[in-house]
Number of protein chains: 2
Amino acid sequence: MTGNSRFAVSVHVLAYLAYKMGGQVTSAEIAASVDTNPVVIRRLLSALTKARLVSAHKGVGGGFGLSSAPANITLLDIYRAVEPQPDHGLERFTPNHKCPVGARIETILRTAFFKAQTSMESELARISLEDVHQQLKPVCPGKH
Amino acid sequence: MTGNSRFAVSVHVLAYLAYKMGGQVTSAEIAASVDTNPVVIRRLLSALTKARLVSAHKGVGGGFGLSSAPANITLLDIYRAVEPQPDHGLERFTPNHKCPVGARIETILRTAFFKAQTSMESELARISLEDVHQQLKPVCPGKH
DNA sequence: GGTCTATGTAACCATAGTTGTTACTTTATC
DNA sequence: GATAAAGTAACAACTATGGTTACATAGACC
């Protein structure tokens, strides 16, 4: 049970909004699809709203909706909206700088982690919410 | 303070062994370089030993040493030795399968995470412990 | 205006992961 | 046999996460 499920849930939430095609959707309805508490959903949607990926409306008939077309939202946008900058453990990594290795290893690791992270993020950037939306539809090209 | 520092510390540990060039190094000496407890180091080295990246020797004059040349050990080898398979939160992600979105999103996410993870790992595979070792040496080509 | 509905958010709890630490066993060397 | 080192279990402190309750805020509708 490593890591958190914020990103996974967030993609689910936005995929649900895409699936609903522009109508206002309440946190309660989304929570039923994710099988969790509405507050958990609203917490995530709060971050997604700040990132301008969704818009929120209070009151009767209110709810959440996508701010942009699914084709214009990438998984990287979602990832960055809900995940803090990963530090790959460097925050608790405080080697002894009196040792030649300890003095230099941090910089080396930082460079390596940056490359790995950049590579992963560029892969997320290649997948749009529209791609996810398309995959939600059953694929039955030869249905008769 | 997200995540753990196992990978970062493990790279430090192996870089230290590479720096020591083949001699037996005790967990106490490594712990001094990392600035932590020897047991923490031995825990990591236990995983690294199981992955056959290092060999251990008990008793007087014992300690740890690299099993292969630094050029033959990649950061991906180290990563896989000390990190569990990342699930990106999918373990705690149990959507409602009665919902059309909830029923399909898991597979879609699994595919996306696999691509991102593979991309990151291929970047780690491109960096060897020898590369790290080289970067440990001060670069003063024009020193006079 | 008043009521209803929905978001926004703070506060708290249970659970689990991580690290540091002590203590002990096992094993190799001398 | 004494010593030194790895191997590992057990425990404590700290933190992150997700679920929950409670309440404040704001819009819709009568």
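So you know, we letter chains A, B, ... as the sequences are listed, proteins then strands, and number each from 1.
- With rounding to whole Å, A:Phe93 atom CZ is found 16 Å from C:dG20 atom C1'.
- Rounded to a whole Å, the CG atom of B:Asn4 is 14 Å from the C1' atom of C:dA16.
- For the pairing with B:Leu124, the side-chain contact (heavy atoms from CB on, under 4.5 Å) check across B:Val11, B:Leu76, B:Ile78 returns one residue only, B:Leu76.
- A:Glu130 meets the salt bridge (Lys or Arg N to Asp or Glu O under 4.0 Å) test with no other residue; sequence neighbours excluded.
- What separates CD of A:Gln24 from P of C:dT5 is a distance of 17 Å, to the nearest Å.
- Near DNA chain D, meaning a heavy atom under 4.0 Å away, the residues from residues 33-56 of chain A are A:Thr36, A:Asn37, A:Val39, A:Val40, A:Arg43.
- Sequence neighbours left out, not one pair with a member in residues 62-72 of chain B passes side chain to side chain donor-acceptor pair (under 3.5 Å).
- Sorted by first and then second residue, the salt bridge (Lys or Arg N to Asp or Glu O under 4.0 Å) pairs involving residues 8-18 of chain B (not counting sequence neighbours) form an empty list.
- The salt bridge (Lys or Arg N to Asp or Glu O under 4.0 Å) pairs that include a residue from residues 2-17 of chain A are A:Arg6-A:Glu83, where partners are two or more places apart or lie in different chains.
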Side chains of residues 43-52 of chain B: which donor-acceptor partners sit under 3.5 Å, not counting sequence neighbours?
from: B:Thr49; atom 1: OG1; to: B:Leu45; atom 2: O; distance (Å): 2.6

Can you tabulate the close N/O pairs, meaning under 3.5 Å, that link protein atoms to atoms of nucleotides 24-30 of chain D?
from: D:dA26; atom 1: O4'; to: A:Lys58; atom 2: NZ; distance (Å): 3.4

Would you mind writing out the side-chain donor-acceptor pairs for residues 17-24 of chain A within the sub-3.5 Å range, not counting sequence neighbours?
from: A:Lys20; atom 1: NZ; to: A:Glu29; atom 2: OE2; distance (Å): 2.9
from: A:Gln24; atom 1: OE1; to: A:Gly63; atom 2: N; distance (Å): 3.4

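- In this structure, B:Arg6 atom CZ and C:dT18 atom C1' are separated by 8 Å, rounded to whole Å.
- For B:Ser5, a side-chain nitrogen or oxygen approaches OP1 or OP2 of C:dT19 to under 4.0 Å.
- For A:Ser10, the side chain to side chain donor-acceptor pair (under 3.5 Å) criterion is met by no residue, not counting sequence neighbours.
- Between A:Phe113 and B:Phe7, the angle of the ring planes lies from 30° to 60°, which puts this pair in the tilted group.
- In the helix from C:dG1-D:dC30 to C:dC30-D:dG1, the end axes, each obtained as the rotation axis mapping the C1' atoms of four pairs onto the next four within a five-pair block, lie 10° apart to the nearest 10 degrees.
- Identified under the ring pair (Phe, Tyr, Trp, His ring centres under 6.0 Å) test for residues 22-65 of chain B, with sequence neighbours left out: none.
- Considering only side-chain N and O atoms, A:Thr26 lies nowhere under 4.0 angstrom from the phosphate OP1 or OP2 of C:dA6.
- Taking atom CZ on A:Arg92 and atom P on C:dG20, their separation rounds to 9 Å, with Å as the unit.
- Put simply, CG on B:Leu90 is 16 Å from C1' on D:dG18, counting in whole angstrom units.
- To the nearest angstrom, C1' of C:dT19 lies 15 Å from CG of A:Asp87.
- Applying the salt bridge (Lys or Arg N to Asp or Glu O under 4.0 Å) rule to pairs touching residues 55-82 of chain A yields A:Arg80-A:Glu121, sequence neighbours excluded.
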